[in-house]
Structures are given as C-alpha cells and as structure tokens.
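Shown next, in structure tokens, is the structure this report addresses.
Ligands are counted one by one from 1 in listed order, and the atoms in each one are counted from 1 as well.
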Amino acid sequence: MLDKILRKKPSVLDGSLAERVTELKKRQIPAHVAIIMDGNGRWAKQRNLPRVAGHHEGMKTVRKITRMANELGIQALTLYAFSTENWKRPKMEIDFLMKLPGEFLSTYLPELIEQNVKVEMIGNFDKLPGHTKTAIQKAMEATKDNDGMVLNFAMNYGSRLEIAETVKEIVTLVQEGSLAITDINETLIGSHLMTAHLPEPDLLIRTSGEVRLSNFMLWQLAYAEFSFLDVLWPDFDEVCLLNSIEEFQMRNRRFGNVEGEGNV
Ligand code: FPP
C-alpha cells in the first residue's frame, strides 16, 4: 500500500491542461486507446528533411502522449509502431525505425518506471533485430511489476497474421482433443489474441488524414469509436488527445442495441 502511495507520481501537466483533464475524468475515459501514428514522412517532407527525421520527431510525440494518457487514467495505450507490411520500406528507414525503441526506452525508461507504466509489445517478436528485442525485453522486465497504464507497442504487428496464428492455435487444441469445436466462440477467439489480457479498445485514433485501418487490430476494434484527424503524428499533442477523448465522450455507443433499451 505504502509502495503504491509512494509510486503515485505528481501531475506532470500545466494548469490549463490539468483543469481540462479533471473535467474529462468526470465522464467515461476509454479503457484502451489504440493509435495509428501516421504522417511522419509527410511532416519531414514539409520541412525538406529526410523521412527518418519525421520518425524521430514522432518518437517525442510518443513520450508526450504516453504521459497524458497516463494522467487521464487510460488503462492501455496501443501504438502502431511498425506493421508487418513496413518491411517493404527502404532498408535505411527500417533500420532507423528498429533503433527507435532502443533510443526511446534508454531515454525514457526511468520516467516510465516513475509513472508506474508497464511496457508491453504485440507483434512477431522473433523476427525483430537483436538490439530491438533486447531494448524491448529490458523495458518489459523493468516494468513488469508496474500496475499502471500498459504502454503496448505494436511492432512487426499485422492483424491478419495475428488472426491466422490464433486459428492455428485453436485448431491445434481441437486436434489434441483439449477443445471441442462447440467451445469455439467469440470469447475464446479473443482469449487467444495477443491482446487477450487487455480491455478491448474503446477508441481508435489515426493521424494524417488517412481513413483506413491498415491491418491494425481488426478483431479488437469491432466496437471502437474512430477518430480520424488531419494532424500529422509529430504535430499531434496533448490537446489533440484531449479533443479526441472529448469527441469520444459525446458519441452515443449502443453496441447494436437501441437507445435506452436493452437486457444487458
Ligand atoms: C507511419 O508514418 C509511421 C510509421 C510507420 C512509424 C511510426 C513510428 C513512430 C511514430 C515512432 C515510434 C516510436 C517508438 C518509441 C517505437 P509514415 O512514415 O507512413 O508517414 P507518411 O504517410 O507521411 O509517409
């Protein structure tokens, strides 16, 4: 208990942001926010910089948004950092992207620990370069006992691949005789996904004006609210996140039901 009190960090926000956070916290805060961080390349191009400069700036946004999400009391923040399709990019860009977790975590791990954030990852870990794996493993190990927000990096992640792996796992259990076909339902499938231990995302944010899911959490986002923003990821800031949360709070979520009715 004392340990928890000591770990409760003071607010990192300035006055006006803190006031807005207090107001938003009077209503429902999404348990899980998933973000497609798009527009780094365009941000760099607008400034005549190499694309990787946009990714580097995007990493700084990750820090800002992690802090704010934690302040809001969001339980899980999943960030799409590298998709299974991103291997098609030029080698130099891939190499840079693969170094970002190491740079981010070596700079900000103490801060994440202090904020009681737990670092996790979804995606195909085995195919990542050794140095990326080491950085992620180290951060996961150092934060494994933290019980605050989960900062979940989707690295080498693809939703179709995740679903295919899930199907293989379930079929194997059926073949072994430890599962009956009649046991297969939505809950069971969800419990075999990489996000099984997390609440379902309530809110998906995609920056940069693109309006698509790009193979991101296709199963998990079935009932999420979507917030597509014109801002490029390096320009996304705390106020943008608060605006998306406010928009989420104004949506009327019916989950297939009709207004004011229901038996659940
Ligand atoms: C898409 O923008 C962005 C990515 C493929 C990489 C996202 C990565 C980060 C924001 C940094 C991650 C940080 C850590 C700590 C892992 P794009 O390059 O496709 O942009 P464009 O559409 O404008 O070209």
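From the protein, the heavy atom lying nearest to atom 19 (O) of ligand 1 is Arg89 NH2, 2.8 Å. In this structure, the protein non-hydrogen atom closest to atom 2 (O) of ligand 1 is Asp38 OD1, 3.2 Å. Among all protein heavy atoms, the one lying closest to atom 1 (C) of ligand 1 is Met37 O, 3.4 Å. Closest to atom 16 (C) of ligand 1 among all protein heavy atoms lies Ala81 CB, 3.9 Å. Here the protein heavy atom with the shortest distance to atom 13 (C) of ligand 1 is Val62 CG2, 4.0 Å. Among protein heavy atoms, atom 11 (C) of ligand 1 sits closest to Leu100 CD1, 3.7 Å. Nearest non-hydrogen protein atom to atom 22 (O) of ligand 1 is Arg42 NH2, 2.9 Å. Of all protein heavy atoms, the one lying nearest to atom 14 (C) of ligand 1 is Phe153 CE2, 4.1 Å.
A perpendicular orientation is assigned to the rings of Tyr80 and Tyr157, their planes being inclined by more than 60° (bins at 30° and 60°). Using bins of under 30°, 30° to 60° and over 60° for the plane-to-plane angle, the ring pair Phe228/Phe226 lands in the perpendicular bin.
Using a 4.5 Å heavy-atom cutoff, the side chains of Gln137 and Phe125 are in contact. Leu77 is listed as a side-chain neighbour of Leu79, based on a closest heavy-atom distance under 4.5 Å.
Checked by distance only, ligand 1 and Arg51 come closer than 3.5 Å through their nitrogen or oxygen atoms. Checked by distance only, ligand 1 and Asn40 come closer than 3.5 Å through their nitrogen or oxygen atoms. Polar contact check, Asn86 against ligand 1: no nitrogen or oxygen pair lies under 3.5 Å apart. Taking any N or O of Leu97, backbone or side chain, none lies under 3.5 Å from an N or O belonging to ligand 1.
Within the listing of ligand 1, atoms 10 (C) sit less than 4.0 angstrom from a heavy atom of Trp233. The distance from ligand 1 to the heavy atoms of Gly41 drops below 4.0 Å at these ligand atoms: 17 (P), 18 (O), 20 (O), 21 (P), 23 (O), 24 (O). Atoms of ligand 1 lying under 4.0 Å from any heavy atom of Phe104, numbered from 1 in the order shown and given with element: 15 (C).
The pair Glu57-Lys60 meets the salt-bridge criterion, since a charged nitrogen lies less than 4.0 angstrom from a carboxylate oxygen. Taking 4.0 Å as the cut-off between side-chain N and carboxylate O, Arg67 and Glu238 do not count as a salt-bridged pair.
Ligand 1 is never approached by Ser208 to a heavy-atom distance shorter than 4.0 Å.
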Applying side-chain contact (heavy atoms from CB on, under 4.5 Å) to Lys133 and Met98, what does each step give before you reach the verdict? CA-CA 9 Å; Lys133 286 197 232 181; Met98 288 298 156; over 6 Å; no
Val150 and Gln75: side-chain contact (heavy atoms from CB on, under 4.5 Å), yes or no, with the steps? CA-CA 6 Å; Val150 172; Gln75 293 168 38; over 6 Å; no
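By the 6.0 Å and 45° rule, Arg89 does not stack over the aromatic ring of Trp87.
Scanning for side-chain contact (heavy atoms from CB on, under 4.5 Å) contacts around Ala53 gives Leu49, Pro50, with sequence neighbours left out.
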